[in-house]
Student: 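Have a look at this one before I ask anything.
Residues take their numbers from the sequence shown, with the count starting at 1. Computed over heavy atoms, backbone and side chain alike; hydrogens, waters and symmetry mates excluded.
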Amino acid sequence: MAKRKRYLTATLADGYVKTIGPTAAPLTHYWRIVAQLHNGRTEVFWGHESSHRAALAKRLPAEEAAKQRGWRSFDFEVVALQEYD
């Protein structure tokens with residue numbers, strides 16, 4: 001029997017809303033990195049994970065990327081996904 005497809009929504013502190021779906025994947029959290037570059041531009045990286053712990057684990061690679069790529073600074077956020085039909 002096929003799993004039921006659902007839509008997931010993440011609402012971040014700055015008001016940005018990301019919708020994911022339809023999906024049957026067991027996703028629970030959304031993460032986002034907003035990197036400020038030295039030339040004044042920004043880059044955004046995002047993803048979703050099946051646990052809060054897995055989403056928080058993206059912070060260490062983000063710190064390494066900041067050093068390697070020479071980001072001026074970055075913001076890292078994790079929010080719970082809300083399910084709706």
Side-chain angles (χ1 to χ4, degrees):
M1 184 165 150
K3 287 189 174 184
R4 181 176 69 89
K5 301 275 184 178
R6 59 199 178 123
Y7 288 90
L8 305 170
T9 301
T11 304
L12 284 86
D14 63 359
Y16 179 79
V17 176
K18 175 71 176 176
T19 301
I20 301 163
T23 183
L27 304 171
T28 61
H29 287 79
Y30 172 85
W31 57 268
R32 178 177 77 169
I33 300 166
V34 179
Q36 287 79 32
L37 308 179
H38 284 288
N39 62 4
R41 293 183 177 203
T42 58
E43 286 189 16
V44 179
F45 305 91
W46 61 272
H48 28 71
E49 297 293 335
S50 57
S51 73
H52 186 250
R53 185 178 198 169
L56 288 176
K58 301 296 182 190
R59 175 124 180 115
L60 182 60
E63 291 172 1
E64 293 173 4
K67 291 175 190 172
Q68 185 180 44
R69 296 178 179 173
W71 297 344
R72 190 168 12 134
S73 64
F74 71 94
D75 297 315
F76 180 79
E77 297 178 79
V78 174
V79 295
L81 290 166
Q82 302 299 317
E83 181 178 344
Y84 70 96
D85 292 323

Student: Any side-chain heavy atom of Tyr16 sitting closer than 4.5 Å to one from Val79?
Tutor: no

Student: Side-chain heavy atoms nearer than 4.5 Å, only ILVMFWY residues, links allowed to pass through others: does that put Leu56 and Leu27 together?
Tutor: no

Student: Hey, is the main chain of Gly70 close enough, under 3.5 Å, to the side chain of His38 for a donor-acceptor pair?
Tutor: yes

Student: Checking the side chain of Arg6 only, and the main-chain atoms of Ala25 only, is there a donor and an acceptor separated by less than 3.5 Å?
Tutor: yes

Student: If Ile, Leu, Val, Met, Phe, Trp and Tyr residues are connected whenever their side-chain heavy atoms lie under 4.5 Å apart, and connections chain through other members, are Leu81 and Val78 in the same group?
Tutor: no

Student: Begin from the C-alpha positions of Glu63 and Lys67 and carry the test salt bridge (Lys or Arg N to Asp or Glu O under 4.0 Å) through to its verdict.
Tutor: CA-CA 7 Å; Glu63 291 172 1; Lys67 291 175 190 172; over 6 Å; no

Student: If you measure from CD on Glu49 to NE2 on His29, what distance do you get to the nearest 0.5 Å?
Tutor: 10.5 Å

Student: Counting only heavy atoms not in Gln68 (residues, nucleotides, ligands), do more than 12 fall under 6.0 Å from its CD?
Tutor: no

Student: Taking the side chain from Thr28 and the backbone from Ser50, do they hold a donor-acceptor pair closer than 3.5 Å?
Tutor: yes

Student: Taking the side chain as every heavy atom from C-beta outward, state whether Phe45 and Lys58 have any pair of such atoms under 4.5 Å apart.
Tutor: no

Student: Supply the atom-to-atom distance Arg41 CZ to Gln36 CD, rounded to the nearest 0.5 angstrom.
Tutor: 14.5 Å

Student: Using 30° and 60° as the class boundaries, would you call the ring planes of Phe74 and Trp71 parallel, tilted or perpendicular?
Tutor: perpendicular

Student: Can you tell me how far the CG atom of Leu8 sits from the NZ atom of Lys18, to the nearest 0.5 Å?
Tutor: 11.5 Å

Student: Between CH2 of Trp31 and CG of Leu12, what distance do you get to the nearest 0.5 Å?
Tutor: 12.0 Å

Student: Indicate whether any N or O donor in one side chain lies under 3.5 Å from an N or O acceptor in the other, for Gln82 and Thr9.
Tutor: no

